[in-house]
Amino acid sequence: MNRVKHACAALAACLVLGFSNTSLAIEAKHLQEDMETKEASRLTSGMVLMLSYLQYRLGYPERGECVYDWYFKNHDTPGHVWEVMQKYPDSHAEGIVYALAKLDCFTGDKK
């Protein structure tokens with residue numbers, strides 16, 4: 001549950017810093033072409049935190065923890081997400097994050 005608090009704090013920080021103005025349907029190419037690397041990285045991290053928090057709120061704490069660990073503890077994941085975004089630049093970045101997290105974290109659910 002401590003991770004949820006950290007995720008909520010990070011999400012709140014993103015909202016306070018102005019990421020709430022960002023469109024919720026961002027094409028992957030805009031992360032690569034229109035944003036600096038730090039900004040794109042923060043936005044992608046925010047997507048992952050929101051997905052993790054949502055899983056907790058929906059009653060899937062194992063999924064929430066898995067999504068958090070998948071992105072923030074596996075140092076290969078952010079690079080892999082970036083590669084997939086480069087491969088599918090017209091796809092929505094949020095959809096890419098969701099699809100990749102789903103492959104690793106949403107299998108075998110009983111709920």
Side-chain angles (χ1 to χ4, degrees):
M1 198 60 174
N2 197 17
R3 288 188 184 143
V4 174
K5 291 179 185 177
H6 289 287
C8 290
L11 178 59
C14 288
L15 293 174
V16 169
L17 292 173
F19 291 128
S20 60
N21 302 0
T22 309
S23 169
L24 292 177
I26 299 171
E27 291 178 349
K29 65 183 171 191
H30 294 301
L31 285 178
Q32 299 161 358
E33 297 170 0
D34 301 337
M35 296 183 183
E36 292 182 23
T37 305
K38 275 187 176 181
E39 185 180 9
S41 177
R42 287 180 188 143
L43 191 58
T44 305
S45 295
M47 291 175 201
V48 173
L49 288 171
M50 289 177 70
L51 179 59
S52 176
Y53 177 70
L54 177 63
Q55 297 310 307
Y56 277 100
R57 297 291 297 169
L58 291 174
Y60 298 99
E62 298 83 17
R63 280 187 187 178
E65 186 171 345
C66 181
V67 169
Y68 183 92
D69 291 347
W70 164 79
Y71 190 81
F72 293 105
K73 290 194 175 181
N74 182 347
H75 298 291
D76 295 331
T77 301
H80 177 65
V81 170
W82 193 254
E83 288 170 5
V84 174
M85 286 186 186
Q86 288 177 323
K87 187 173 181 180
Y88 302 100
D90 292 326
S91 297
H92 292 279
E94 301 88 350
I96 291 172
V97 169
Y98 176 79
L100 293 174
K102 184 177 178 179
L103 286 173
D104 284 347
C105 296
F106 296 12
T107 56
D109 286 334
K110 296 198 166 76
K111 211 172 184 183

**OP:** Could I get the full list of side-chain contact (heavy atoms from CB on, under 4.5 Å) partners for D90, not counting sequence neighbours?
**Re:** E27, K29
Original post:
Say you draw a straight line from CZ of R57 to CE of M50; how long is it, rounded to the nearest 0.5 Å?
Top reply: 13.0 Å
Original post:
Do R63 and L58 have side chains that get closer than 4.5 Å, going by heavy atoms?
Top reply: no
Subject >> Set of residues satisfying side-chain contact (heavy atoms from CB on, under 4.5 Å) with respect to N74, sequence neighbours excluded >> reply: D76, T77
Subject >> Side chain proximity check, W70 to V81, heavy atoms < 4.5 angstrom >> reply: yes
Original post:
Looking only at heavy atoms, what is the nearest atom pair of G64 and S52, with distance?
Top reply: O-OG, 2.7 Å
**OP:** Starting at CD of E83, measure out to CD1 of I96 and round the result to the nearest 0.5 Å.
**Re:** 12.0 Å
**OP:** For residues M47 and L51, determine if any side-chain heavy atom of one lies less than 4.5 Å from a side-chain heavy atom of the other.
**Re:** no
**OP:** Mind jotting down which residue pairs meet the disulfide (SG to SG under 2.5 Å) criterion with at least one end in residues 44-84? Sequence neighbours excluded, please.
**Re:** C66-C105
Subject >> Results of side-chain contact (heavy atoms from CB on, under 4.5 Å) for F72 - residues two or more places apart only >> reply: S45, V48, L49, Y68
Original post:
In Å and rounded to the nearest 0.5 Å, what is the OG1 to CH2 distance from T44 to W82?
Top reply: 6.5 Å
Subject >> Heavy-atom check, side chain of Q55 versus side chain of F106, under 4.5 Å >> reply: yes
